[in-house]
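Notes for the one structure printed next.
In what follows, every chain begins at residue 1, and chains take the letters A, B, ... in the order their sequences are listed.
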Amino acid sequence: CSRSTEFPAKMTETREERRFAEVPRESIKLMAESAGVELGDDVAAMLAEDVCYRLREATQNSSQFMRHAKRRKLTVEDFNRALRWSNTETICGYGAQDALPFRPLKEGELFFVEDREVNLVELALATNIPKGCAETMVRVHVSYLDGKGNLEPQGTVPSAVQSLSDDLLKYYQQITRAILGEDPHLMKVALLDLQSNSKIAALLPYFVYVISGVKSVSHDLDQLNRLLHMVKSLVQNPYLYLGSYVRSLVSSVMYCILEPLAASINPLNDHWTLRDYAALLLSHIFWTHGDLVSGLYHQILLSLQKVLSDPVRPLCSHYGAVVGLHALGWKAVERVLYPHLPAYWANLQAVLDDYSVSNAQVKADGHKVYGAILVAVERLLKMKAVSLSASAEGGAAALQGSVGGMMGFRESSPGLSPPPEPLSEPPLGIASHLQAGGAGCQWEEWTPVSLPDMYCELYSFFGDSLAVRFSTGPALGGAPSATPIQSSDTRKEPGSGAANLESTRKMPQLTANMNISPRQDGSPRTEPAPPSLATAPGRLGGAPKRKKGGQSRDIFPKARFPPPQVGPPAFSFLIGGRQMGRRCQGRRFQTSFTPTPSLTSLPPRAYAHKLPVIGRVSKPVRRWTCSHYSLYLPL
Amino acid sequence: MAAVQDGGSEPEGEKEPQPELPSDGSSAPAATPASKPEEQQQQQQQTLLAVLQFLKRNKLIESVDALRREAGLADEPDEAPGSEAGGGVGGAAAGSADSADASALLSRVAGAAQSGAASAPCNISFSSIVLFIVLSVGGEDQPDVSVVLSAYSQQGDPSLYQVYYSGLKKFIESVLDCHRAELSQLFYPLFVHMYLELVYNNHESEAKAFFEKFSGDQECYYQDDLRVLSGLTKKEHMKGNETLLDFRTSKFVLRISRDSYQLLKRHLQERQNNQIWNIIQEHLYIDIFDGMPRSKSQIDSMSGSLAGEARREANKAKVFYGLLKEPEIEVPLDDEDEEAENEEGKPKKKKPKKDSMGSKSKKQDPNAPQQNRIPLPELKDSDKLDKIMYMKEATKRIRLGPETLPSICFYTFLNVYQGLTAVDFTDDSSLIAGGFADSTVRVWSVTPKKLRKVKSAADLSLIDKESDDVLERIMDEKTASESKILYGHSGPVYGVSFSPDRNYLLSSSEDGTVRLWSLQTFTCLVAYKGHNYPVWDTQFSPYGYYFVSGGHDRVARLWATDHYQPLRMFAGHLGDITCTRFHPNSNYVATGSADRTIRLWDVLNGHCVRVFTGHKGPIHSLAFSPNGKYLASGSTDGRVLLWDLGHGLMIGELKGHTDTVYALKFSRDGEILASGSMDNTVRLWDAFKAFDDVETDDFTAATGHIHLPDNSQELLLGTYLTKATPVIHLHFTRRNLLLAAGSYNSQ
């Protein structure tokens, strides 16, 4: 209660009378003396008491000025007002808007207001003239929308989320809980919604934040998978503009691809699949959000290259690098993996050749890498051939467009190769970014190896495996594909029609090369082709074949393939079939094996367990149909 | 000063209050039949004296004279000390006649206090009066105050006071529970008066001991008063102490059931405890009712004010709380364009619809006052336009409820250096005004439309007055700015209020004036001087023209903008008037006071028609419900109370705030009550439910015994925190968006 500050040096707080400060009569006497008056004890006592009372009264009165000024602190000004209204002289010299600190003196119970000396000279000559106080202003902001704001329990949500609206917050919680939770059905629903919800833009940062948590769950394959699925859904959501968040997503995906995850310590964990899926996702991001990530392309290539060339890294990282390159397209493979292959091969060979028991695990890993490289280079060859022929066959018949579209897609579909890649003049897709990002120049500087040379070299590494691979693809992968592919057709068309068109132009040559022995395993699966298709392939097979024959002959003889013989009628029948896609592709290489079909069927199987082929795990092709991925690695 | 309400400002009370008061032979020198008129007279005299005292303090000599003449008081008491003293004796002896002068009457009060009518006490009282007069010669103090004080001059053995008090305490603690609660009400007033008697009779140490022994027993909500009391230890301090005067000039009102009262009476008679009995007779007003004694919670909910509860008959007057008929607005022709502008198509269809909407309210509400009960200003064209805008906005209004709470926009005043003291919004939420401790008033435009002054006279003469856009042309573009500062006051501005037509702004200040500002020229038009003390609040009538102000002088004044003197003065509060609000129908004014009561005044005749007690701290905010039926009030104790004006009853208590409630506002439909407080929160309450839950039966209405459901938590719809900004004003836009305002407080 002792708010009165005007007798600072004289006021003491007496203990007995706890309510109020009292002025001792000695103080009164002192003050009187200083004014030149001698006071008796009685008078001093009376005065002291009266002073106390007046002080209390003034203090009580001053508090109403404080209340009406809507303040919590009593100011000197309030007290002065109270004095003024009771016809008492006001106290000068203590006016301050701020609260005055009331300090105790060490000896004795003495309290005073600190009164610092002000150097007027300094003040007067100061060069930094104070700017004065900022202007009084009013600022408005919406504090609570629809009465909602701070009612939400704040639980485990990252702190930033608290500013979200109630509904979004709930959505966020439900979705993350569903995706990271146990119930696979819930997860599916959540992912599906995430993929199609148009109103979650505000939540994107939070989802990205959650996804960036991959690093903290590297021991938990399942969680990693779920997070990757979340990425997929976000990437696929047509209403979301990922903007700069895409970088964060890519880095999370890259983490899954490249890092020696804690989960991979246990050989029982199928982290390979995770890496495959992540790579697939990477390719998808580049494919669909190329405009956002173009700047990242080189960075990623570099990091992949770095991992690949780092012998200290575990094989699983190398594997990731390979599938990553594979995902980035055959050009990436050609640029990074192919030149690096000779150097790398030595290391890999060493691993593979070591038959010691202790090396068994590493060796198994090595085989994985081997398989991945094989797949990558296979497609490199394939696409290289296609591109070459494309340049040669610039003016392929436009008529084939529609049919070729399907074929082109099919051809790339067996789950091993990325989507039809734009080769020469792509309006969308990676190539354009590559060019935009300055990649184009580098490609030009880099002297491409001719296809035959490349084949030669690769053959020197892989030997027959290379060819075997070509042939085995369909045999192994084809079987389960029967039902799902149909849906893939319907799905696919609207999405990437243009891209398909691009690739279709090259198809004739390819098909020409393979169309030799349609019948063997094509027939059982074929369906009657639509009439329109039936006619088109006929033209395909016939006309373009000859033109390009020269080139393909250059290449494939090395693979000991005889120059392809085309049987137009049978061929047209096959490729027209909707479910034929996969078959077609396989068929083109089977030609060389036609004489010994029984032999070919065995080696692939042998390899199959030796070099588990990417995408050939348990239930593969079913899901890819649902996505737009060319490379689908089911989890 | 013609409108001074002489003594009539307290019309309540005298009808039937006293019949039950003990008229046991020993106490009154006068015969039983005489005691009633005498009592009345005493009261009137007391009131009169209070008014006189006030007038003199304000140096309104003429009014004093006029009042005296009117009241038949011939001479000034301070010039006739002899007659005063003589009157004291004479009054005790004769107990006569209206014609006696004021001082005589007053000292008769003192005389009558002498129980037993012995001559010795009389002498003592005489001497004390003389003593007092001697004292007052030195100071400028008013002798009538000393006369008032002299009522304490009776002698008892000071050492026995503690015995008396503890004896009563023991007795009350021993009675049945149902009576105990009621009789416990006696503690506080008895305590205060006994203490004051001790102090007055210079028994300082006894007083101190008495205070220390029993102050702890008092209800906690009397702490503030006790603090004032405890500082008061000398007789010399008693004069000029306002709290003390409040105690004395008004009787402390208690409501006690007949049974409890009889119990008390019997006890006091048995014990011959005259000391206490005298105090009860002199200083307390016991309102006796038949029926069940009230429970502790019932009593607690109504007590807390400086002068006890309101007398029952104080709230019996009829209040016309209904709304006035909306004036018919013939939609002007040019309005069609405007409407077409705003909502394309079917402007004509809308019009009749609106009319029909308007006509609903045209049915005369039985509770509404006569349309012309208070003369209201004619509607100008611009007012009609504004009404039309209002109706348009109203159609887009969000219907609030527990499910659909309003959005809240906060207007934060920055860089005010703790100086923001008052805020107001215009009804259409286009302007915001702030009153500041540095004596300035600032007006901001909330919309993109900037504030412009009217051109100077010289420039105005050049304008083509016939042009259509003359209203636009008179504005000076060069002066356009977001805010304007109004200089004029010489003290903190404690209240601001916009006129409904947005042309004027009122501000009330510590300097004792209310100023009227033009929002066209941004200059001061009038300074209304009448309050000679700080004016805490002012508000425009919802129909403009009239405004009310109230302040430290305890008198609320009704003004009209074109009169420089007040039209009405509402006197009766025992403490500062802290806030003033107009009833939506403009026929009533509510004032909240530091005496912890709320009064409702009739603008027409200046009568006090409602007294609401129950708050435990000074009242700092009031809000009428839009339908005019209810009043909400907030005080420093953080509670919001709801009142039914028609029945004069408290109908709800909203607990939740932890600091002074400075802002209250009902949503436009009255569904939600928003309260803003010093505790940096805005709280929303379900007003609809609060009013709906109340079923006022005849019994409650007749007795005034209320049962308050403790349902604050159910009614609380939300608590909204600011960062560090006390909420000092709330406003619902016409579409029910809640605007809140306050100044950021960094400490």
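Note on ring orientation: taking the six-membered ring where Trp is involved, the planes of B:Tyr494 and A:His68 are perpendicular (angle over 60°, cut-offs 30° and 60°).
For A:Arg67, the parts sitting under 4.5 Å from any heavy atom of chain B are the backbone and the side chain alike. Of the two parts of B:Tyr662, only the side chain, counted from C-beta on, holds a non-hydrogen atom closer than 4.5 Å to a non-hydrogen atom of chain A. B:Pro534 touches chain A through backbone and side chain together, each having a heavy atom under 4.5 Å away. If you measure heavy-atom distances from B:Asp537 to chain A, you find no contacts under 4.5 Å at all. Residue contact with chain A, scored on non-hydrogen atoms closer than 4.5 Å, involves the side chain of B:Thr636 exclusively. Interface residue B:Thr412: backbone and side-chain heavy atoms are both found under 4.5 Å from chain A.
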For this session: Could you check B:Trp536 against A:Gln64 for side chain to side chain donor-acceptor pair (under 3.5 Å), going step by step and ending with a plain yes or no?
Result: CA-CA 10 Å; B:Trp536 299 131; A:Gln64 72 185 354; 4.9 Å; no
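Between chain A and the options B:His620, B:Arg442, B:Glu510, heavy-atom pairs under 4.5 Å are most frequent for B:Glu510. Of the listed residues B:Pro726, B:Pro492, B:Ala594, the one with more heavy-atom pairs under 4.5 angstrom with chain A than any other is B:Pro492. For chain B, the option among A:Glu57, A:Arg81, A:Glu49 with the highest count of heavy-atom pairs below 4.5 Å is A:Arg81.
The heavy-atom pair separating B:Asn532 from A:Trp85 by the smallest distance is O-CZ3, 3.2 Å. The two residues A:Lys70 and B:Thr421 come nearest to each other via the heavy atoms NZ-O, 2.8 Å. Nearest heavy-atom pair across A:Gln60 and B:Arg227 is NE2-O, 3.7 Å.
The number of heavy-atom neighbours closer than 6.0 Å to CD of B:Glu482, taken from other residues, nucleotides and ligands shown, is 12 or below.
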